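Everything below concerns the one structure shown next.
Here is how names work: the chains are called A, B, and so on, in the same order as the sequence lines, proteins then strands, and each is numbered from 1. The model shown is predicted, which means the values in this text are computed figures rather than measured ones.
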2 protein chains.
Amino acid sequence: MPSLDPTNGQHERTRPDLAAMTTALNRSLVAAELPVLAEHGLTMWGYVVLLALDEHPLRTQAALAEAIGADKTRIIGVLDELQDRGLIDRQRDPADRRARLLSLTPAGHDVRDSAQAAIRRGEERLLARLPERDRESFLAGLIALSALPVEDVTGRPGDSP
Amino acid sequence: MPSLDPTNGQHERTRPDLAAMTTALNRSLVAAELPVLAEHGLTMWGYVVLLALDEHPLRTQAALAEAIGADKTRIIGVLDELQDRGLIDRQRDPADRRARLLSLTPAGHDVRDSAQAAIRRGEERLLARLPERDRESFLAGLIALSALPVEDVTGRPGDSP
DNA sequence: TATTGTTATACTCTATAACTATA
DNA sequence: TATAGTTATAGAGTATAACAATA
């Protein structure tokens, strides 16, 4: 067994691996989101699609799939259901009839905003459990690290494509 | 579209959902860990088992499975391989020959420590990208929130069993 | 020939059910 | 009969390959 130095309060073994912590926290956050989304008739994938269309309206399904990190075949059923419920518009591009123009309907916009607002309320309640002095920096760190490209975290080029 | 107030720097819509961020960060962290573990001949599950045996040596496989959030049938192959490589001991309990006593071998301890040390080096390199003033609070927040039981995050009792 | 979207197929991971051996 | 562990089966989720329409 490696010798532990009791005088060293910063010993590395005092915290779990970062991935272990993000896995546990992510599982809890997803478990908290799913019932809220279900109340709005949304699956996680459906919600992700609505968010992606809001931020960057896209002109092909393949581009949407890549933007949200999904396979292009994976989202077809999701788009079918969102369209059936009138939350998105999916029309052929007159300029290139192979492509489908994807956009949020007003109803889709409302559902998205309503679901996100409910999720935010839960998140604020969770963040309130952190000491005041840690809250802002925790969020800043999470925002910064989660925005890094995968290669920046792995340190190895070409692992993602 | 909801009106954005440009004078309000704290507007809620300026950050992604917490779950979206933890999903992205977790994916990157796992992608960073896997090649390091592979260099030590470990899978993610194998590594998780070695860590669990280190923290709480357990006397039944079912208890181990529950401790790491896995199905009891899920870890059998993992234990088989770790045992074949001499990283764990798995002996029948003389007091109850149905149960298997699980413990780390010295070799298992070495592999675990070596893999974890390599992972820590990568993590420190990542954390160094955060501004000095955010680093400690980010870690403190992550440690605190990831340690919460799922029900504390969901706010709903009985979602986990 | 290349590209967009779709469908059909196969593969991976995980959980459920059935079996054995002990108690 | 109940429990620990194992094996066999089935299910969910995802990716890969093949196809039709359009360029």
Review point. Between the main-chain N or O of T23(B) and the side-chain N or O of N26(A), is there a donor-acceptor pair closer than 3.5 Å?
Key: yes

Check your understanding: For the side chain of R85(A) and the backbone of G41(A), is there at least one donor-acceptor N/O pair under 3.5 Å apart?
Key -> yes

Check your understanding: Under a 4.0 Å N-O cut-off, is there an ion pair linking R121(B) with E124(B)?
Key -> no

In whole angstrom, what separates [X]'s [atom1] from [N]'s [atom2]?
| X | N | atom1 | atom2 | value |
| --- | --- | --- | --- | --- |
| I75(B) | dT7(D) | CD1 | P | 13 Å |
| L101(B) | dA4(D) | CG | P | 13 Å |
| D96(A) | dA23(D) | CG | C1' | 6 Å |
| D80(A) | dT6(C) | CG | C1' | 10 Å |
| R59(B) | dT22(C) | CZ | P | 20 Å |

Revision key, fill the gap. Nearest-nucleotide check on DNA chain D, W45(A) vs P94(A); residue mapping nearer the 5' end is W45(A)

Point to revise | Along DNA chain D (nearest heavy atom to each residue), the more 5'-positioned of G69(A) and Q61(B) | key: Q61(B)

Point to revise | Polar side chain donor-acceptor pair, Q61(B) to R100(B), under 3.5 angstrom | key: no

**Study point:** Short side-chain N/O contact to dT6(C) OP1/OP2 from R100(A), under 4.0 Å
**Key:** yes

Review point. Does a side-chain N or O from R90(B) land closer than 4.0 Å to OP1 or OP2 of dG5(D), or not?
Key: no

Review point. Side chain of R74(B), base of dT14(C): donor and acceptor closer than 3.5 Å?
Key: no

Review point. How is D71(B) classified with respect to the nucleic acid when contacts are heavy atoms under 4.0 Å: base, sugar-phosphate, or nothing?
Key: base

Review point. With a 4.0 Å cut-off on heavy atoms, is R92(A) in touch with a base, just the backbone sugar-phosphate, or nothing at all?
Key: nothing

